[in-house]
Enquirer: 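Pasting in a structure now, in C-alpha cells, and then I'll have a few things to ask.
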Amino acid sequence: MYNNFAKIYDKFMKNCNYDEWVEYIKTLIDESGCEGKKLLDLGCGTGETLVRLKSDFQCSGLDLSKEMLEIAYKKLKNKGVQLFMGDMREFDTGEKYDIIISLFDTVNHLTSQEDLRDLFISIKKSLNPGGIYIFDVVDRKFMDEMFPGGIFYDERKDMTIIWEHSVEDDIDYVDATYFVQNRTGNYEKFKETYEKKIFSHENIEKEVKEIEMNLLSVNKNDKIAGERFFYVLSV
C-alpha cells in the first residue's frame, strides 16, 4: 500500500492548502499558551508541513512509511530536521518535545480504542512538562457526506480517483484507485486500501482521562478541509 501511495502522494495532495493548515496550527499553539519550540510531526508523510514549520520551530518528523520518509528527506536534507520511522501507537525517538502534532485525520487511521490509548500513552511519555498534542479527526457525518452511495469520484487535470467505501464492524474500509498521468502523457494505475475508525468525543475524552492528560480545547473547523475537529491535549 505505502509503496505505491508514496509515489503519488504529493500529486494527490496538490490541492491541499498546507499554508492554511500551518497557520491554523500556529493559532492553536498560541492559544494553548505553550511557549516551547521543539516540535514533532507524528505521521509526517512526505514532509510538506515540516517544510513550512521549520523556520519557526525545531522540527522532527515520524512516519510508518519508509517510502514517504525518503521523499521527506530529499525535501528537508540539510534543513536541521530529524526524521524517524516508527509506529505512532508505540514510538520513542529518544527525545522529548514541547509540541506534537498529527494532521490530516491521521488519528482516524487507528482502528481500535486500544490503539488510541497506546497513542496517547506514547504521546504523554514524549512530551515535556506543559507540552501539548494537537490532532484532528473526522466524524461519521464527514464520511457519509464524502461517500454518498459508497463511492466518491474525483477527476482532475492529470489524475482521476475512484474511492469505494464500506463499513464493517465499526471500521471504514476505503478502496482507492488512482489513474495518474505520467510525463509521457500515458496513465498509470495505482491502488490503495486503507482503514479508518470514527472516534467519538466520548471515546477520546475517556482515554484522555484514563491516562491523566488534560483536554485543553476542542475546535470545529470547516474551512480548510471539510468539517473536522481539532483537539489540544496537554501534560
Side-chain angles (χ1 to χ4, degrees), residues 1-16 21 41-46 49 62-65 67-68 86-91 101-123 133-156 159-180 189-208 218-231 233:
M1 176 177 76
Y2 293 109
N3 290 348
N4 281 341
F5 197 45
K7 295 176 183 177
I8 63 171
Y9 183 79
D10 283 340
K11 185 183 285 286
F12 168 67
M13 293 289 283
K14 189 176 181 180
N15 295 335
C16 174
W21 276 84
D41 185 357
L42 192 60
C44 65
T46 62
T49 303
L62 183 145
D63 203 273
L64 183 63
S65 168
E67 292 74 22
M68 292 279 199
D87 189 324
M88 66 188 297
R89 295 169 296 182
E90 296 179 328
F91 72 93
I101 61 174
S102 296
L103 306 182
F104 311 110
D105 49 86
T106 293
V107 170
N108 286 114
H109 288 278
L110 303 175
T111 57
S112 71
Q113 192 75 12
E114 291 74 22
D115 285 349
L116 186 66
R117 184 180 308 126
D118 289 342
L119 167 66
F120 288 165
I121 290 170
S122 293
I123 292 289
Y133 177 44
I134 300 174
F135 66 95
D136 68 285
V137 292
V138 297
D139 61 8
R140 174 57 55 206
K141 176 185 173 185
F142 177 98
M143 296 299 288
D144 288 345
E145 290 181 352
M146 183 173 182
F147 299 103
I151 294 180
F152 182 81
Y153 178 81
D154 185 2
E155 186 170 5
R156 307 180 187 180
M159 175 186 289
T160 298
I161 311 162
I162 302 171
W163 284 283
E164 298 177 81
H165 171 248
S166 61
V167 182
E168 184 177 340
D169 296 329
D170 255 355
I171 302 295
D172 288 63
Y173 295 90
V174 180
D175 293 315
T177 305
Y178 303 84
F179 298 93
V180 183
K189 180 180 178 181
F190 297 87
K191 297 198 74 172
E192 176 203 15
T193 298
Y194 58 92
E195 303 170 355
K196 301 184 83 163
K197 183 171 177 63
I198 301 302
F199 293 104
S200 68
H201 176 72
E202 290 74 22
N203 293 148
I204 294 169
E205 190 174 41
K206 176 181 181 294
E207 300 307 332
V208 172
V218 184
N219 307 270
K220 184 170 76 170
N221 186 299
D222 59 3
K223 305 298 183 185
I224 57 178
E227 184 176 283
R228 58 189 61 234
F229 297 86
F230 286 82
Y231 284 75
L233 312 183

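Heads up: numbering here begins at 1 and tracks the sequence.
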Enquirer: How about Y194 and H109: are their ring centres within less than 6.0 Å of each other?
Expert: yes

Enquirer: Under the ring pair (Phe, Tyr, Trp, His ring centres under 6.0 Å) rule, collect the residues that match up with F120, sequence neighbours excluded.
Expert: F135

Enquirer: Check whether any side-chain heavy atom of N108 lies under 4.5 Å from a side-chain heavy atom of K197, and answer yes or no.
Expert: no

Enquirer: Which residues pass the salt bridge (charged side-chain N to carboxylate O under 4.0 Å, His left out) test with D136, sequence neighbours left out?
Expert: R228

Enquirer: The test is side chain to side chain contact (heavy atoms under 4.5 Å, CB included); show your working for V137 and F142 and say whether it passes.
Expert: CA-CA 10 Å; V137 292; F142 177 98; over 6 Å; no

Enquirer: Which heavy-atom pair separates A225 from W21 by the least distance, and what is that distance?
Expert: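 Taking every non-hydrogen atom into account, CB-CZ2, 3.7 Å.
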
Enquirer: At what distance, to the nearest 0.5 angstrom, does OG1 of T160 lie from CZ of F179?
Expert: 8.0 Å

Enquirer: Please report the C-alpha distance between F147 and S166 in whole Å, then the side-chain angles of each, then the deciding distance to 0.1 Å, and finally whether the side chain to side chain contact (heavy atoms under 4.5 Å, CB included) criterion is met.
Expert: CA-CA 9 Å; F147 299 103; S166 61; over 6 Å; no

Enquirer: Is L110 close to F199 at the side-chain level, that is, under 4.5 Å between some pair of heavy atoms?
Expert: yes

Enquirer: Just verifying a value: how many Å separate L119 CG and R89 CZ, rounded to the nearest 0.5 Å?
Expert: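 Here the rounded value is 10.0 Å.
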
Enquirer: For E192 and Y178, test the side chains for any donor-to-acceptor distance below 3.5 angstrom and give the result as yes or no.
Expert: yes

Enquirer: I'd like to know whether NZ of K206 has more than 12 heavy-atom contacts from other residues, nucleotides or ligands below 6.0 angstrom.
Expert: yes

Enquirer: Rounded to the nearest 0.5 Å, how far apart are CE of M88 and SG of C44?
Expert: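 That separation rounds to 11.5 Å.
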
Enquirer: If you define the side chain from C-beta out and look only at heavy atoms, does anything of T177 sit under 4.5 Å from K189?
Expert: yes

Enquirer: Is the closest side-chain heavy-atom distance between R140 and D144 below 4.5 Å?
Expert: yes

Enquirer: Test salt bridge (Lys or Arg N to Asp or Glu O under 4.0 Å) on D154 and R156; report intermediate values, then the result.
Expert: CA-CA 7 Å; D154 185 2; R156 307 180 187 180; 3.0 Å; yes

Enquirer: Go through the steps to decide whether I161 and F12 satisfy the test side chain to side chain contact (heavy atoms under 4.5 Å, CB included), and finish with yes or no.
Expert: CA-CA 9 Å; I161 311 162; F12 168 67; 3.6 Å; yes

Enquirer: Side-chain contact test, heavy atoms from C-beta onward, threshold under 4.5 Å: evaluate it for K11 versus V180 and give yes or no.
Expert: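 When only atoms from C-beta onward are counted, V180 and K11 do touch, with a gap below 4.5 Å.
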
Enquirer: In Å, rounded to the nearest 0.5 Å, how long is the span from CZ of R117 to CD1 of I204?
Expert: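 Atom-to-atom, R117:CZ and I204:CD1 are 13.5 Å apart.
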
Enquirer: So Y173 and E168, do their side chains get closer than 4.5 Å, heavy atoms only?
Expert: yes

Enquirer: Could you grab the distance from atom CD of E164 to atom CZ of F152, nearest 0.5 Å is fine?
Expert: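 These two atoms lie 13.5 Å from each other.
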
Enquirer: Does the salt bridge (Lys or Arg N to Asp or Glu O under 4.0 Å) test come out yes or no for K141 and D139, once each step is laid out?
Expert: CA-CA 5 Å; K141 176 185 173 185; D139 61 8; over 6 Å; no

Enquirer: One pair to check against side chain to side chain contact (heavy atoms under 4.5 Å, CB included): Y9 and E67. What are the steps and the verdict?
Expert: CA-CA 11 Å; Y9 183 79; E67 292 74 22; over 6 Å; no

Enquirer: Would you call the rings of H201 and Y231 parallel, tilted or perpendicular if under 30° counts as parallel and over 60° as perpendicular?
Expert: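 Ring orientation, 0 to 90° scale: parallel.
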
Enquirer: To the nearest 0.5 Å, tell me how far I123 CD1 sits from D118 CG.
Expert: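 These two atoms lie 11.5 Å from each other.
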
Enquirer: For Y133 versus S102, what's the shortest heavy-atom pair and its separation?
Expert: OH-OG, 2.8 Å

Enquirer: Do the side chains of I101 and L42 get nearer than 4.5 Å, heavy atoms only?
Expert: no

Enquirer: Can you name the residues that form a salt bridge (charged side-chain N to carboxylate O under 4.0 Å, His left out) with K223, not counting sequence neighbours?
Expert: none

Enquirer: So do D172 and I198 actually touch side chain to side chain, heavy atoms under 4.5 Å?
Expert: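 Side-chain contact under 4.5 Å: yes.
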
Enquirer: Show your working on salt bridge (Lys or Arg N to Asp or Glu O under 4.0 Å) between K196 and D105 and close with a plain yes or no.
Expert: CA-CA 9 Å; K196 301 184 83 163; D105 49 86; 2.7 Å; yes

Enquirer: With a sphere of 6.0 Å drawn around CD of E90, does it hold more than 12 non-hydrogen atoms of other residues, nucleotides or ligands?
Expert: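 Open.
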
Enquirer: Does W163 have its ring centroid less than 6.0 Å away from the ring centroid of Y153?
Expert: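 No, the ring of W163 stays outside the 6.0 Å limit from the ring of Y153, centre to centre.
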
Enquirer: Answer yes or no: does atom CG of N15 have more than 12 heavy-atom neighbours from other residues, nucleotides or ligands under 6.0 Å?
Expert: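 Yes, enclosed.
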
